[in-house]
Every structure is written in C-alpha cells, then in structure tokens.
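Keep in mind that the numbers below use all heavy atoms, side chains included, and drop hydrogens, waters and symmetry copies. Below, chains carry the letters A, B, ... as their sequence lines are ordered, and counting in each starts from 1. These figures come from a predicted structure and were not determined experimentally.
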Protein chains: 2
Amino acid sequence: MQNPRNYRFSRLVPEGDNRERHVCGDCGWIHYVNPKIVVGAVVTQGEQILLCRRAIEPRQSFWTIPAGFMEERETSEAGAMREVKEEACADIHINALLAVYNIPRISQVQLIYRATLASPDYSAGPESLEVKLFNWDDIPWDDLAFPSVHWALQHHRSVIGRDGFPAFSNPPGEFGNY
Amino acid sequence: MQNPRNYRFSRLVPEGDNRERHVCGDCGWIHYVNPKIVVGAVVTQGEQILLCRRAIEPRQSFWTIPAGFMEERETSEAGAMREVKEEACADIHINALLAVYNIPRISQVQLIYRATLASPDYSAGPESLEVKLFNWDDIPWDDLAFPSVHWALQHHRSVIGRDGFPAFSNPPGEFGNY
C-alpha cells in the first residue's frame with residue numbers, strides 16, 4: 001500500500017522548533033518524521049540458524065533473519081517475537097539483546113535479539129517464500145538481503161556460548177549502504 | 001507546537017495490511033505511526049552525575065538526564081550527543097550502551113548511553129531551567145521527571161568501574177507508568 005502522490009506538504013520550520021518538518025498546506029498538520037525501529041532475531045535450533053526468503057520488496061527472494069517494523073504499544077522483545085511468528089510461523093525464547101544497528105541513510109535503528117526456537121515448528125508466513133534452518137557453512141552469503149543480516153550473523157557467531165556480553169553496534173565504518 | 005485539532009483522520013485497515021492505521025479522509029494519506037526513539041545519556045564527571053531541570057512539559061521543573069527524540073539521518077550515539085549538547089550545552093564521550101528501555105504505553109523506546117563530560121563546561125540550554133552535577137546522595141530522587149530516570153541512574157551505579165556489560169532493560173514488571 002502506497003501513499004498518494006498528490007498530497008501538498010511543504011518543508012517548513014514550525015514556530016518554536018529548530019528544524020524543517022513536513023507541514024500540510026491544506027490543514028497545517030505537522031507530520032513529524034522520526035527514525036523507525038526494526039525488531040528481529042537471530043534464531044537458532046542447535047547449531048542451525050533460521051532464515052527467511054523474502055516474498056516482498058525490498059530485496060524480494062533474498063534471505064534474511066526474521067525482522068520488521070516495531071508496532072505501537074508493544075515492547076521491542078514482543079515485537080521481535082511477533083515478527084518471527086509472522087514471517088516464520090515460529091515461537092521463540094529470547095535470551096539476549098544481540099545488537100543495536102544504525103542505518104542513518106534510511107533513519108532506521110535495528111534492535112536484534114538472540115533467540116532459540118521454542119518448538120521445532122516453523123513455516124513460511126505471507127511475507128516469506130520459504131523458511132529454512134541452515135548450518136553455518138550452508139548460509140547463502142551471496143543472497144542475503146541486507147548488510148545488517150551479515151553483521152547479525154557474524155556477531156551472533158562471535159558470542160556463541162557466551163552470556164552477559166555487551167550488545168554489538170555497526171561494524172566500524174559501516175552504515176548499511178551497499 | 002501542536003497539531004491542529006480539526007484534521008479528519010479515520011482508523012482503517014488499508015488493503016494488504018493487517019491492522020488499523022490513521023487514514024486521512026481528505027486525501028487518503030496513510031499516517032503510519034511507529035514507536036519513537038528517545039536517545040540520552042547518564043553523563044558523569046568523576047563521581048558526579050549531570051542532571052537537567054526541565055523548562056518544558058511534560059514534567060516541567062523536574063530533573064532528568066539529558067535525553068530527547070532521535071531525529072532523522074543521525075545515529076543513536078550522535079543523537080544522544082546532540083541532546084546533551086542542546087539541553088546541557090556539554091560535549092561528551094560515550095563509552096557504552098547502558099540500557100534499552102521500553103515504555104509501551106506511549107510507544108517509546110529509550111536508548112540510554114553511559115558517557116563522561118569531554119570538558120568541564122556545561123550550562124542550561126533552552127529546554128532546561130538549570131543544569132547541575134550531583135553527588136549520588138544529593139540527587140533529588142523525589143523530583144525526578146520520569147521512572148526511567150530512576151532506572152538509568154540505578155543501572156548506571158550498578159556497573160561503575162565495569163566495561164563489557166550487557167545493556168539493561170526495564171526492571172522486572174515495570175513499564176514506565178507512574
């Protein structure tokens with residue numbers, strides 16, 4: 001679902017503010033735009049990692065960890081569980097905050113948790129073409145959807161067997177651009 | 001700055017979506033509302049903690065750590081540094097992610113960093129009545145602006161001298177309601 005193209009917003013600095021906002025020329029509505037939060041999880045069963053092949057754009061048919069936009073009135077942990085349920089029809093146990101990634105180009109903050117499958121059941125939800133458990137060496141590295149999927153998988157691997165680790169952030173100098 | 005009260009949005013489930021969104025009755029614009037990110041920092045100089053007395057609502061005249069809404073196209077660390085600069089006119093060095101707090105009632109995620117003053121200079125910015133360094137025992141506990149300020153101060157204290165700690169989340173059973 002797209003927004004219509006004929007809306008009449010202008011960029012103005014509202015009174016009492018210090019930066020330009022989207023202001024509707026019809027009614028004066030100020031459309032505050034803030035960064036959006038993506039919540040997701042690296043989900044494992046034993047040594048295998050759960051990945052979803054995307055049924056939707058962007059990056060349709062590429063592989064990703066289950067993740068998506070956080071919704072109102074949920075916690076980030078509940079959001080990550082919801083996304084895994086929607087995309088991979090799976091229930092999980094979250095055991096740590098793995099990473100906080102920033103993609104400033106698209107004003108996105110990703111909160112990625114470390115989790116395990118709560119039961120062996122999983123299947124493709126409406127936004128996935130397929131869902132599969134991968135051994136590390138079988139991960140389709142060249143067909144991953146986003147740079148942050150690479151980061152999350154590598155960061156996850158670096159703390160296997162460890163608890164009480166600090167959450168990772170972006171690899172040095174990387175901001176999620178291709 | 002407030003938005004006008006006479007806009008004509010309805011709650012509808014857009015085609016292809018699975019939950020109600022705000023849709024404008026005039027032009028069809030879908031106003032997606034997602035949780036907002038607050039970025040801030042517990043800032044210390046030696047053993048003292050920097051607090052700001054709020055010049056604006058909500059909780060005007062109560063004390064808070066410097067924090068505010070993350071803006072577009074900045075990283076969360078840059079946002080926390082900007083907020084400290086705006087509210088306390090101070091430059092900081094961030095050394096850890098202290099906490100990720102969820103306030104689902106108001107759809108807010110707070111990313112709170114641990115930082116030190118980069119120089120001894122600080123003063124009240126336009127959103128602060130005063131800015132002050134407090135010894136722990138002098139913190140105005142009964143006049144703190146938000147529950148999450150209590151959480152951040154207590155969590156900060158529990159990891160003094162420690163590096164490589166996992167980011168805190170809400171205290172068990174607490175969701176930021178008064």
When only pairs under 4.5 Å are counted, which of B:E86, B:K36, B:R19 shares the most heavy-atom pairs with chain A? B:R19
Among B:S169, B:A167, B:G164, which residue forms the greatest number of heavy-atom pairs with chain A at distances under 4.5 Å? B:G164
Value for CD (B:E72) from OH (A:Y32), rounded to nearest 0.5 Å, stands at 13.0 Å
Tell me, for [X] versus chain B, whether the close heavy atoms (under 4.5 Å) come from the side chain, the backbone, both or neither.
| X | result |
| --- | --- |
| A:I103 | neither |
| A:V23 | neither |
| A:Q108 | neither |
| A:Y101 | neither |
| A:E74 | backbone |

Indicate if [X] and [Y] have the same hydrophobic cluster label, given that clusters are the connected sets of ILVMFWY residues with side-chain heavy-atom separations under 4.5 angstrom.
| X | Y | answer |
| --- | --- | --- |
| A:V159 | A:W151 | yes |
| A:L97 | B:V39 | yes |
| B:V100 | A:F165 | no |
| A:Y122 | A:V84 | yes |
| A:V33 | B:I30 | no |

Examine distances only and state if a side-chain atom of A:N34 and a backbone atom of B:M70 form a donor-acceptor pair shorter than 3.5 Å. yes
Part of B:R21 within contact of chain A (heavy atom distance under 4.5 Å): side chain
Side chain from CB out, backbone as N, CA, C, O: work out which of these in B:L111 comes under 4.5 Å of a heavy atom of chain A, or both, or neither. side chain
Scored by heavy-atom pairs under 4.5 Å with chain B, the best of A:P35, A:S107, A:C24 is A:P35
Please report the closest heavy-atom contact between A:N102 and B:T75, naming both atoms and the distance. OD1-CA, 3.3 Å
If you count every heavy atom of other residues, nucleotides or ligands that lies below 6.0 Å from A:E57 atom CD, does the total exceed 12? yes
